[in-house]
Protein chains: 2
Amino acid sequence: MPRRPTLRDLAAAAGVSRSTASNAYNRPDQLSAESRERVLATAARIGYPGPSPAGSALRRGRAGALGVLLGDRLGYAFSDPAAAVFLDGLSEAVEDEGYALLVLPGARTGGGPAPEAVRTAVVDAVVAYSLADDDPAIAVVRDRGLPLVTVDQPALPGVAGVRVDDEAGARAVAEHVLGLGHRRPAVVAFELTADGREGPAGAERQRAATFTVTRDRLAGYRAAVEAAGLNWADVPVHECPHNAFLEGVRAIAELLPLGPTAVLAMSDELALGVVRGAADAGLTVPGDLTVTGFDDTTAAARAGLTTVRQPLRDKGVRVGEQLLALLAGETPSPQTLPTELVVRSSGAPPPAPRAGQRVGPGRP
Amino acid sequence: MPRRPTLRDLAAAAGVSRSTASNAYNRPDQLSAESRERVLATAARIGYPGPSPAGSALRRGRAGALGVLLGDRLGYAFSDPAAAVFLDGLSEAVEDEGYALLVLPGARTGGGPAPEAVRTAVVDAVVAYSLADDDPAIAVVRDRGLPLVTVDQPALPGVAGVRVDDEAGARAVAEHVLGLGHRRPAVVAFELTADGREGPAGAERQRAATFTVTRDRLAGYRAAVEAAGLNWADVPVHECPHNAFLEGVRAIAELLPLGPTAVLAMSDELALGVVRGAADAGLTVPGDLTVTGFDDTTAAARAGLTTVRQPLRDKGVRVGEQLLALLAGETPSPQTLPTELVVRSSGAPPPAPRAGQRVGPGRP
DNA sequence: CTGAAAGCGCTAACAT
DNA sequence: ATGTTAGCGCTTTCAG
C-alpha cells in the first residue's frame, strides 16, 4: 500500500519544484495559471489531499486554533446557554482569520483543564473562561508564553481580558429586590473555590473566594444589602459548585427553612432551579418568593425572570478581537462591559409574614 | 530580546543531547533520575516551556485533537442541550488518550463547516455531528483520509458511525399520540435540506430530504399515521431550519390555523417552543393541544414533556470509542442505539371539536 | 515566474 | 544510560 503522497510526490508527479507546488495552494499569484492548473489536476489524479496542516503549522509557526479553557466538564460548561452565546460570538470573531476553537474542558477532579492538556495543546493563543484566579492551567499558559485573554477574571498583570461589571449588576438587582421591601434575602452563589463544595458559605469562605465573578457579585449584593440597613452576616449564602438547574433546586430546598422572602441567584440557570424548587415546595413566585437571576439568557426571558443582562455575545466578540490583536503583536487593554437590570415578573413585595415565622433578622 | 528557547537550547544548557532532553519529558524511564532532574531544573532556569506541541505533533504524526464538524453556528449548535450532553460523553471518552476537541461550526452560509477550515484543521480524526448526507465537509475529510465517525447519519460505505433508531422512536411517540385519539396531527420538523428554508414542507420536499435524522423521524411518524388509517398527505409538516425554541414558537403560529390537535416535534427544544406558542395563542397543553418532543433533555423533563429518550451521553461515549478504535487501526462497525418513549403530561385525548371547526381530514 | 536550499522543533531508531 | 543521525511535511527567502 503506497504511503500517503506528500508535497514532494506532488511536485515530482507534476514536474515542478516543491515550492511551486506549495505556491499552487498558498500563493496563486506566484505562478502561472497553467502551472497552477496542472499542479492541482495532478494532485487530484494522485490523490494528494492538500498540504498537511501539521507540517504547515510547524513551518508557519501558526496552529490555526485558539484554546478555550473551561472550568467545568462539558456537560456543565455547555448546559449553560450563556456559554453557547459567548462561544458563538468568539468563533464568529475569529473564524474569518482562519481560527477554530480547541475546547479544553475542566479536569474530572474539578477546576480548569489538566495542565498537561494545556501544555500540549496545539494553539496560538488561549482564552480562559472564568477559571479561578489561581487555576494551574493559567500558569501553564503563561509559561508557554501564549497570548492569553481572560474572561470574567481580573486582568492579570500584562494580560488582556474582558469582563462585565458584575458588582454593579449584582448591586442593581439586589437594590431592586430590597426596594420591593424585602428584608430577608438569600443568595444562591456560584462556587467560591474550586473544591466542589456545595452548601452554606459563611463569611470565612466568602473571604477566601478565588472566582472573581462570584466575589464581585457577592460584593454587589452585599453593598445593596448594607445600604438598605441590613446586616450582611444575616444573609444566607448557598454555594453551588456548578451552574446547574438541579443545584438551584437543591439550594432553595436548603434555604427555605431559613425563611427567605427573596433569592438572589448568580445565574438564570440557578434561578430557574430555585423557581422550580420553590414550586415543588408549594410556594408561588413571586407571590411567596421573589427570585432573580443573572445573564438574561433566552430561558430567563421565556420564564419571565427578573435578571441582569450582560452582553454575552458581544463579550465573545470582544474576546475574539483581543485575541486577534494580541496575535498581531498589539497590546489590547482590558475591557469592562456594562450590565443592565431587566425587570420582569419574578419579583414582588414580600408576603405578609405567616404566623409563627420569624419576622426580621435576629428578631424572634 | 532572546528568542524562545528550544529543545536544542535546553540540551546545550543542561549539557546533554537533544534526545536526552526530549526523553526527560516523554520517557522518564530512558534516563537516570538525576539527569532528568537536572534537565528539568535547567528548563525552569532558562524558561523552556516544554516541547513545542507543533513540533512534536509533526514528528509523532499525531495532532492530539479530534475535529467536531457541526451543522450550525455555535449559537444554535450549542443552544441545544442535547449537543452539550453528547459532547460531554465524547470528550470524556477521549480525554484520557490525550485528545481535545477542535470545534468547527457550520459556515455562515449554512450547512457544515467551510471546506477550507476542514482541510486545514490539525486533527487526527473527525466526527460529523448530523450533517446533511451530501455535505461538502464530509468529502474533504475523506480526501484527507482522516478517520471519520458520523453521528445520526447513515454509515457511509466503510465509515464508522453511531446513530439512534430514529424511525422507531418517532413511530412510538406518534403511535402514542394517535392512540390517544388524535386524528389531526401536525409535524414540526428539522431542516430537510441545508438551504435555510422555514415553513411548510410538502411531499416533494420531504422526498428530497438530505438529513437522515429528519428523514427517519418523518418516516416513523408517517408509518404510525398510516397504520392509524390516516392519510400522510393530510398531515402538515412545518420545517424549521434550526433546532431553536423560537422556531418552534413560529411553527405553531403557522400551524394553528390548520387546526391540529397534536404536534409531533422533532426535538424538545422545538416542542417547548410549540408549547409556548400555543400558550401565547391561548391554548392549554395538553387540554387544547397535545405536544411531544424528542431527545429527552433535562428541559423536557422539567416541563413534563412527553418525548422520546435517546442515550445522548452514551452516544458521545460510543463515538469517542469508535474514533479511538479507528485511530488504533481497528474497524469498528456502525452502531444503532435504542430509543425509548417517555410519557409525561403534555399529551391527552383531543378536545371536543369546537363549533365551526373542521372535524377530520378533508371533511368540512 | 520557477527552482534550490535551509530549517521550523521535535522524536525515534540506532549505535555507543 | 546517553548521544548521533535522520527526517516528519511544509514554506520561504533567495537566486536564477
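Since this is a predicted model, take the numbers as computed values, not measurements. Chain identifiers are assigned alphabetically (A, B, ...) following the order of the sequence lines, protein sequences preceding nucleic acid strands; residue numbering begins at 1 within each chain.
A:Glu330 CD: more than 12 foreign heavy atoms inside a 6.0 Å radius.
Under 3.5 Å, the side chains of B:Ser17 and B:Thr20 contain a donor-acceptor pair of N or O atoms. Under 3.5 Å, the side chains of B:Ser32 and B:Ser35 contain a donor-acceptor pair of N or O atoms.
Taking 4.0 angstrom as the limit, B:Ser35 places a side-chain polar atom (N or O) nearer than this to OP1 or OP2 of D:dT2.
Taking only side-chain atoms of A:Leu31, from C-beta outward, the nucleotide of D:dG3, D:dT2, C:dT2 with the closest atom is C:dT2.
Here the P atom of nucleotide C:dC8 and the CG atom of A:Asp124 are 18 Å apart, to the nearest Å. One atom, CD of B:Glu37, and another, P of D:dA1, lie 16 Å apart when rounded to the nearest Å.
For B:Leu131 against B:Phe211, the heavy-atom pair with the smallest separation is C-CE2, 3.6 Å.
Counting only residues at least two apart or in different chains, salt bridge (charged side-chain N to carboxylate O under 4.0 Å, His left out) contacts with residues 8-36 of chain A comprise A:Arg3-A:Asp9.
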Base versus backbone protein contacts along nucleotides 7-16 of chain D [heavy-atom cut-off under 4.0 Å; B, S, -]: BBBBBB----
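Remark: B:Ala63 engages B:Val122, B:Asp124 in a side-chain contact (heavy atoms from CB on, under 4.5 Å) (not counting sequence neighbours).
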